[in-house]
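As the structure lists them, so they are numbered: ligands from 1, and atoms in each ligand from 1. Computed over heavy atoms, backbone and side chain alike; hydrogens, waters and symmetry mates excluded.
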Amino acid sequence: MSVGKQHKFWETQPVGQFKDVGATNLPEGPIEPATPLSEVKQEPYNLPAQYEWTTCDMESDETCNEVYALLKNNYVEDDENMFRFNYSKEFLSWALRPPGYYKSWHIGVRAKTSKKLVAFITGIPARIRVRGEVVKMAEVNFLCVHKKLRSKRLAPVMIREVTRRVHLENIWQAAYTAGVVLPTPVTTAQYWHRSLNPKKLIDVGFSRLGARMTMSRTIKLYKLPDSPATPGFRKMELRDVPAVTRLLRNYLAQFVVAPYFDEDDVEHWLRPVENVIDSFVVESPETHEITDFCSFYTLPSSILGNQNYSTLKAAYSYYNVSTKTPLLQLMNDALTVAKQKDFDVFNALDVMFNESFVKELKFGPGDGQLHYYLYNYRLQQALRPSELGLVLL
Ligand SMILES: CCCCCCCCCCCCCC(=O)SCCNC(=O)CCNC(=O)[C@H](O)C(C)(C)COP(=O)(O)OP(=O)(O)OC[C@H]1O[C@@H](n2cnc3c(N)ncnc32)[C@H](O)[C@@H]1OP(=O)(O)O
Ligand SMILES: CNCCCN(C)c1ncc(F)c(N2CC(C(=O)NCc3cnc4ccccn34)C2)n1
């Protein structure tokens, strides 16, 4: 708990405040009531004089390029500045254009003279169930201020502006994650990493050679089969959407906070897109029933300052449902296909039932934590990561 740390902006926001942690008299649910749309500020917040708001049309290849370049050079780095996320253009186009998305929620800031994109923040609409309530929310992500404009209190302006635009669509809650501690996490998840290419990971400093371990012993330790072990394991196709939707809704119903996906959502979020999202089903060879599902997304990182490699190819576990195939076997098949697709590492958060496989399948605990937040929605008490069924990109 960052006791005593001032949060001049977050103290003004309808989020759980550190001073209220432990208070049991506060009701669960919205912190502030919705307001009539006529009372929502109609014009954008003020920016410093030399900057202007811009709406980023992610259907435009040129704008997609600008957003890609801003994030490639200025987005999240690890604490030792060895890696920086390098979300691809195709990934951003997929991540930001789900069913029912609002172009106005793809918000940029340009320098008035050069027209250079210098900041970005996004929202996408999502139906999130919290216990028994399905709540329309904005999932806020890709907050980024150019390195040259940091610590000028631009982030609060970006956050107020996306909040205003979400309010204009009569939506009053949001969900977001961050590697930093803010008022107040609903849960904190731990990253786990499974080496697929241990030699490269050690060479670039992502992992270290274990004590009393040789490189050849390490390569052998992480070896995987050449192909999946489960009969009927295959790539997901459009025709699988109804069955996968049923599997996923039943599975996610077990968690306190989880997305409430319909078939259109499943078609967008879980249908394979090359170099963006890979998803697989297990179709029973006897009954042709779809009994299991697993998926991971592609998020490469730039390797900053290594002579031999420039990119770390990372797969991130997304949603996995096992009803017949043991989860361990299903996830080992996911690792196997990720290795076949030349990924260097497979990452998973200890949310949902992931902890049950990370320890068995030779994952190691990461140094990064991911804090989950809800905006304008109070939970009586923080959740365990295993009570959370939500993976943001
Ligand atoms: C109803 C609808 C509601 C919709 C909105 C819901 C909320 C959405 C919230 C956003 C969800 C984003 C989800 C993701 O994208 S998480 C990924 C965030 N992006 C990065 O880490 C990329 C690299 N870093 C940067 O680009 C900048 O450092 C950023 C832009 C992060 C901060 O810029 P800068 O470093 O130049 O600082 P400042 O002087 O402008 O401002 C300082 C203030 O900003 C608070 N701060 C710092 N980092 C974050 C952070 N990650 N979430 C929320 N707040 C953050 C900080 O506590 C302080 O406030 P306070 O402590 O004084 O109070
Ligand atoms: C919902 N949005 C999640 C996307 C990733 N978000 C924002 C994030 N927030 C904090 C983290 F701790 C984190 N980690 C991924 C794990 C990891 O792989 N750590 C080594 C590493 C390799 N490349 C990078 C790039 C940036 C940071 C760490 N990196 C730790 N991810």
I need the contact type for [X] against ligand 1. Using non-hydrogen atoms and a strict under-4.0 Å cut-off, is it side chain, backbone, both or neither?
X: Asn74; result: backbone
X: Tyr375; result: side chain
X: Ala155; result: both
X: Tyr176; result: side chain

Can you check whether [X] has an N/O within less than 3.5 Å of an N/O in ligand 1?
X: His7; answer: yes
X: Ile121; answer: no
X: Phe142; answer: yes
X: Trp10; answer: yes
X: Phe9; answer: yes

Are [X] and ligand 1 in contact, using a heavy-atom cut-off of under 4.0 Å?
X: Thr177; answer: yes
X: Ala138; answer: no
X: Asn376; answer: no

Heavy atoms only: which of [options] lies closest to [atom]?
atom: atom 49 (C) of ligand 1; options: Val180, Val162, Val145, Val15; value: Val180
atom: atom 36 (O) of ligand 1; options: Ala175, Ser151, Pro183, Gly179; value: Ser151
atom: atom 35 (O) of ligand 1; options: Arg150, Lys152, Lys5; value: Arg150
atom: atom 59 (O) of ligand 1; options: Arg153, Lys8, His371, Arg165; value: Arg153
atom: atom 21 (O) of ligand 1; options: Ile171, Val76, Leu392; value: Val76

Looking at Arg246, Arg271, Arg234, which one forms a salt bridge (charged side-chain N to carboxylate O under 4.0 Å, His left out) with Asp240? Arg234
Return the set of residues passing side chain to side chain donor-acceptor pair (under 3.5 Å) with Arg378 (not counting sequence neighbours), or none when no residue passes. none
Using the benzene-type ring in the case of Trp, are the ring centres of Phe233 and Phe280 under 6.0 Å apart? yes
Could you check ligand 2 for N or O atoms lying under 3.5 Å from protein N or O atoms and list the pairs with distances?
from, atom 1, to, atom 2, distance (Å)
ligand 2, 2 (N), Leu393, O, 3.0
ligand 2, 23 (N), Ser301, OG, 2.8

Residue, atom and distance of the protein heavy atom nearest atom 19 (N) of ligand 1 read Leu143 O, 2.7 Å
Distance filter under 4.0 Å to Leu154 heavy atoms, resulting ligand 1 atoms: 40 (O)
Output, in order, the C-alpha distance, side-chain angles, deciding distance and verdict of ring-ring contact (aromatic ring centres under 6.0 Å, His included) for Tyr318 and Tyr297. CA-CA 6 Å; Tyr318 198 35; Tyr297 63 84; 5.7 Å; yes
Does any donor atom in the side chain of His106 or Thr122 lie under 3.5 Å from an acceptor atom in the other side chain? no
Does the protein come close to atom 56 (C) of ligand 1 - that is, does one of its heavy atoms sit below 4.0 Å from that atom? no
